[in-house]
Amino acid sequence: MRSEDLIHRLSADLRPVRPARHPAAATALWLGVAAVVILLAVLVSGPRHDLAARLAAGFDLPQILAATATGILAAFAAFQLALPERDRRWALLPMPTVVAWLATMGWGCLQDLARLGPDSLRVGVSLPCLAFIVGLGVPLTFAMLWLARHAAWLRAGPVAALGGLSAAALASVGLSLIHHLDAAAMVLVWHGLSVMVLAGLASLFGPRVMRRGLAAP
């Protein structure tokens, strides 16, 4: 075969390649989607009756800010890792805010212990919290995986796990605006369990979803 014929055959079925979005632009787009989804959930369920008073008193604000920062930084890290030339250490970006998030809930546990005694450490069954965060986080995670599907054959696992962490963190913010748990220990257990479940599901099934999205026309 002549070189000209080989080149013609190789180039006949080429399709234009759309460049990946800049991580900052992709993060902003995804956060816009997340904000709309969470706002709709709050409007449908209705905000907590004591939300304004608690935020004004500063009770839930540190936790909400830490969870929001975790959601933003985890999303930005995911989109960074979706690019082949980026350092793997971007995965560590949300770790300080995760620690801060856990610390705010831990501090709340200590405050409740001083105020209520051992009764504050009793953790009741709150499956609706788990269902809300996972149920709200799953579509957000799918949106993240679709936007980062170009990483399907690169770092699909870390990208999916960070996407699940980001979605779960922001879903927990939505839950804090709607539902009041009786003690910080319950917040720590149920929010933390929901985050681990969603991040685990994303890391397990996310790569497959990303590959299917990449194969879609």
Identify the heavy atoms of [X] and [Y] that sit nearest to each other, and give their distance.
X	Y	value
Thr97	Ala69	CG2-CB, 3.8 Å
Ser172	Trp101	OG-CZ2, 3.2 Å
Ala148	Val159	CB-CG1, 3.8 Å
Ala67	Ala169	O-CB, 3.5 Å
Pro94	Ala74	CB-N, 3.8 Å
Gly163	Thr141	O-OG1, 4.1 Å

Any [X] side-chain heavy atom under 4.5 Å of [Y] side chain:
X	Y	value
Leu165	Val98	yes
Arg86	Pro23	yes
Thr70	Ser166	no
Trp30	Leu140	yes

* To do: Give the intermediate values and the outcome of side-chain contact (heavy atoms from CB on, under 4.5 Å) for residues Arg21 and Phe79.
  => CA-CA 9 Å; Arg21 292 182 180 87; Phe79 288 119; over 6 Å; no

Determine whether [X] and [Y] fall in the same hydrophobic cluster, where Ile, Leu, Val, Met, Phe, Trp and Tyr are linked whenever their side-chain heavy atoms lie under 4.5 Å apart.
X	Y	result
Phe205	Val138	yes
Val99	Leu65	no
Leu29	Leu83	no
Leu145	Leu204	yes

Distance from [X] atom [atom1] to [Y] atom [atom2], nearest 0.5 Å?
X	Y	atom1	atom2	result
Gln80	His22	CD	NE2	7.0 Å
Leu177	Ile64	CG	CD1	5.0 Å
Leu170	Leu136	CG	CG	9.0 Å
Leu93	Ile72	CG	CD1	11.0 Å

* Asked: In a check of side-chain contact (heavy atoms from CB on, under 4.5 Å) between Leu40 and each of Ile38, Val37, Val36, which one passes?
  ->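 Among the candidates, only Val36 passes.
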
* **Residues Phe76, Trp90; criterion ring-ring contact (aromatic ring centres under 6.0 Å, His included); working and verdict** => CA-CA 9 Å; Phe76 186 70; Trp90 276 107; 5.6 Å; yes

* Are the side chain of Arg155 and the backbone N or O of Leu81 linked by a donor-acceptor pair below 3.5 Å? ->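 It does hold such a pair.
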
